[in-house]
J.: 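Below is a structure I'd like to ask you about.
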Amino acid sequence: MDLWYSEFHTKNVKLSIKVSSELLSEQSRYQHIAVFDSPEFGRFLTLDGVMMLTEKDEFIYHEMITHVPMSVNPDIKIVLVIGAGDGGVLRELSKYKTIEKIDLVEIDERVIEVCKQYLPQTACGFSNPAANVIIGDGIKFLRNKENEYDLIIVDSTDPSGPGEVLFSKEFYGNCYNALTEHGIMVNQHESPFYANDADAMIRAHKKISKTFEVSKVYQAHIPTYPSGHWLFGFASKGLHPTRDIKEEYWNRLNIDTKYYTTKLHKGSFCLPKYVEEMLKENE
Ligand code: SAM
């Protein structure tokens with residue numbers, strides 16, 4: 001008998017992945033957590049029935065959410081990561097010897113434990129000696145923080161359940177206050193393609209562009225996310241993602257990547273016309 005993982009991307013479209021075994025299925029205090037093995041995508045993690053990462057394509061997401069801001073400001077030393085309980089962002093940040101401290105705030109301790117047990121490919125990031133893991137809600141953690149972080153990476157779930165607050169005006173305002181003068185906030189910005197995802201993306205963009213002096217959007221192709229077309233947000237108090245990229249500096253670091261290059265970085269901010277229009281109408 002064949003076993004398949006199916007996820008509705010709209011009420012008329014679903015993604016199905018053939019599964020060789022279900023390794024874990026449990027309800028934590030915050031969400032349903034499941035881990036599967038599959039012949040095509042390797043091991044994968046879902047939260048509340050939504051794909052978080054697969055061994056085969058997680059490098060795209062984690063490289064794009066990390067190396068884009070890191071190549072714009074080489075002076076990033078103190079980093080805050082919100083969510084990201086799989087460890088993938090920590091793994092990518094480990095490639096920079098210049099980073100002195102990383103606070104990672106994840107609401108669900110069980111996600112971290114499960115990833116350490118089943119997903120060493122990303123959870124290896126937790127061995128980063130600069131990492132300080134805090135179990136708590138990102139929005140509460142950020143209240144009253146001022147001028148502390150050079151970079152905030154928001155690696156959240158979608159805007160429902162515990163992740164909803166991470167798409168609020170209050171949260172973006174708190175991020176702004178917590179950032180230093182040359183600070184950058186990068187967030188997973190949903191998809192422009194299907195109506196529900198596009199609504200979430202537009203709502204987030206409206207709030208971010210009202211909060212930050214610079215608010216740009218870039219794209220990547222992530223096969224297991226709805227429509228495969230995924231966006232990230234780049235917001236800052238002044239640094240521009242393509243004008244201020246330190247291309248030569250970053251290339252001299254010789255960082256090992258599979259997806260990210262500085263050439264791709266610049267191209268990833270060139271968006272399809274319909275996406276540009278959606279964004280422009282909502283700034
Ligand atoms: N890195 C993954 C990927 O490749 O898409 C995605 C997401 S990561 C597993 C998202 C994490 O955000 C989850 O572990 C979830 O528990 C966490 N999270 C959701 N809401 C949160 C909140 N309010 N504060 C902190 N962490 C939160």
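As the structure lists them, so they are numbered: ligands from 1, and atoms in each ligand from 1. Scope of the values below: all heavy atoms of this structure, side chains included, with no hydrogens, waters or symmetry mates.
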J.: Within the side chain of D137, is there an N or O that forms a donor-acceptor pair under 3.5 Å with the backbone of I139?
T.: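 Yes.
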
J.: Side chain, backbone, both or neither: which part of L166 comes within less than 4.0 Å of ligand 1 when only heavy atoms are counted?
T.: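 Side chain only; the backbone of L166 stays clear of ligand 1.
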
J.: What atoms in ligand 1 come closer than 4.0 Å to a heavy atom of D155?
T.: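 Near D155, the atoms of ligand 1 are 1 (N), 2 (C), 6 (C), 7 (C), 8 (S), 10 (C), 11 (C), 12 (O).
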
J.: Return the closest protein heavy atom for atom 12 (O) of ligand 1 as residue, atom name and distance.
T.: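 Nearest neighbour among protein heavy atoms for atom 12 (O) of ligand 1, to 0.1 Å: G83 CA, 3.4 Å.
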
J.: Starting from atom 9 (C) of ligand 1, locate the nearest protein heavy atom and write down its residue, its atom name and how far away it is, to 0.1 Å.
T.: D86 OD2, 3.3 Å

J.: I'd like to know if V133 and I107 are part of one continuous hydrophobic network [Ile/Leu/Val/Met/Phe/Trp/Tyr, side-chain heavy atoms within less than 4.5 Å].
T.: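 The answer is no; the residues belong to distinct hydrophobic clusters.
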
J.: Between D150 (side chain) and K77 (backbone), is there a donor-acceptor pair under 3.5 Å?
T.: yes

J.: With heavy-atom distances below 4.0 Å as the criterion, list the atoms of ligand 1 near L47.
T.: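 Going through ligand 1 atom by atom, the ones under 4.0 Å from L47 are 13 (C), 14 (O).
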
J.: With atoms numbered from 1 as shown, which atoms in ligand 1 lie under 4.0 angstrom from a non-hydrogen atom of V165?
T.: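 Counting from 1, the qualifying ligand atoms are 23 (N).
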
J.: Are any of the N/O atoms on L53, whether in the backbone or the side chain, positioned under 3.5 angstrom from an N/O atom of ligand 1?
T.: no

J.: With heavy-atom distances below 4.0 Å as the criterion, list the atoms of ligand 1 near V105.
T.: 25 (C), 26 (N)

J.: Check whether Y176 forms a cation-pi arrangement with K237 (NZ or CZ under 6.0 Å from the six-membered ring centre, at most 45° off the ring normal).
T.: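 Flagged: K237 positioned over aromatic ring of Y176.
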
J.: Taking NZ, NE, NH1 and NH2 as the nitrogens, is one of them in D108 or R29 under 4.0 Å from a carboxylate oxygen of the other?
T.: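 Here D108 does not pair with R29 in a salt bridge, since their nearest N and O are not under 4.0 Å apart.
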
J.: Has K207 got its NZ or CZ under 6.0 Å from the middle of the six-membered ring of F167, at an angle within 45 degrees of the ring axis?
T.: no

J.: Just going by heavy-atom distances, which of K140, Q188, R110, E106 is nearest to atom 16 (O) of ligand 1?
T.: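 Shortest heavy-atom distance from atom 16 (O) of ligand 1: E106.
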
J.: Decide whether the shortest distance between a heavy atom of G88 and an atom of ligand 1 is less than 4.0 Å.
T.: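 Flag not set, G88 not near ligand 1.
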
J.: State whether R110 and E113 are salt-bridged, where the test is any N-O pair (Lys NZ or Arg NE/NH1/NH2 against Asp/Glu carboxylate O) under 4.0 Å.
T.: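 Yes, this pair counts.
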
J.: Note the single closest protein heavy atom to atom 19 (C) of ligand 1, along with its residue, its atom name and the distance in Å.
T.: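 Result: T157 OG1, 3.3 Å.
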
J.: Side chain, backbone, both or neither: which part of D137 has a heavy atom under 4.0 Å from ligand 1?
T.: both

J.: Taking heavy atoms and a distance under 4.0 Å, where does Y225 meet ligand 1: side chain, backbone, both or neither?
T.: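 Looking at Y225 and ligand 1, just side chain atoms fall under 4.0 Å.
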
J.: In terms of ring plane angle, is the pair Y225 and Y61 parallel, tilted or perpendicular, where the classes change at 30° and 60°?
T.: perpendicular

J.: Tell me which part of S156 gets within contact of ligand 1: side chain, backbone, both or neither, using heavy atoms under 4.0 Å.
T.: backbone

J.: Could you find the nearest protein heavy atom to atom 4 (O) of ligand 1 and give me its residue, atom name and distance?
T.: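 So the nearest neighbour among protein heavy atoms is M52 O, 3.1 Å.
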
J.: Could you say whether the N/O atoms of Q31 and ligand 1 ever approach to under 3.5 Å?
T.: yes

J.: By number and element, which atoms of ligand 1 are closer than 4.0 Å to a non-hydrogen atom of V111?
T.: 14 (O)

J.: Strictly distance-based, threshold 3.5 Å: is any side-chain N or O of N282 a donor or acceptor partner for the main-chain N or O of M278?
T.: yes

J.: Would L45 count as being in polar contact with ligand 1, using the rule that some N or O on each side must be under 3.5 angstrom apart?
T.: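 Checking ligand 1 against L45, no N or O pair falls under 3.5 Å apart.
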
J.: Between C270 and Q219, what is the shortest heavy-atom contact and its length?
T.: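 It is O-NE2, 3.1 Å.
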
J.: Report the part of V89 in contact with ligand 1, treating N, CA, C, O as backbone and CB onward as side chain, heavy atoms under 4.0 Å; options are side chain, backbone, both, neither.
T.: neither

J.: Is the NE2 atom of H229 crowded by more than 12 outside heavy atoms at less than 6.0 Å?
T.: yes

J.: Is it true that, when you exclude N196 itself, more than 12 heavy atoms of the residues, nucleotides or ligands shown sit nearer than 6.0 Å to its CG?
T.: no

J.: Is the Y260 ring parallel, tilted or perpendicular to the H67 ring (thresholds 30°, 60°)?
T.: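 Tilted: the ring planes of Y260 and H67 meet at 30° to 60°.
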
J.: Side chain or backbone of H62 under 4.0 Å from ligand 1, or both, or neither, by non-hydrogen atoms?
T.: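 Side chain only.
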
J.: Check ligand 1 against G136 and write out every atom of the ligand that is under 4.0 Å from a heavy-atom position of the residue.
T.: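 Ligand 1 atoms under the 4.0 Å threshold to G136: 24 (N), 25 (C).
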
J.: Using a 4.0 Å cut-off to any heavy atom of G163, which atoms of ligand 1 qualify?
T.: 19 (C), 20 (N)

J.: Quick one: does NZ or CZ of K145 land under 6.0 Å from the six-membered ring centre of F141, within 45 degrees of the ring axis?
T.: yes

J.: How far is atom 18 (N) of ligand 1 from the closest protein heavy atom, and which atom is that?
T.: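 Protein heavy atom with the smallest distance to atom 18 (N) of ligand 1: I107 CG2, 3.8 Å.
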
J.: Backbone N or O of V72 within a donor-acceptor pair of the K246 side chain at under 3.5 Å?
T.: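 It does hold such a pair.
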
J.: With atoms numbered from 1 as shown, which atoms in ligand 1 lie under 4.0 angstrom from a non-hydrogen atom of D108?
T.: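 Per the distance check, 16 (O).
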
J.: Starting from atom 24 (N) of ligand 1, find the nearest protein heavy-atom neighbour and note its residue, name and distance.
T.: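 Going atom by atom, the protein heavy atom closest to atom 24 (N) of ligand 1 ends up being G138 N, 2.9 Å.
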
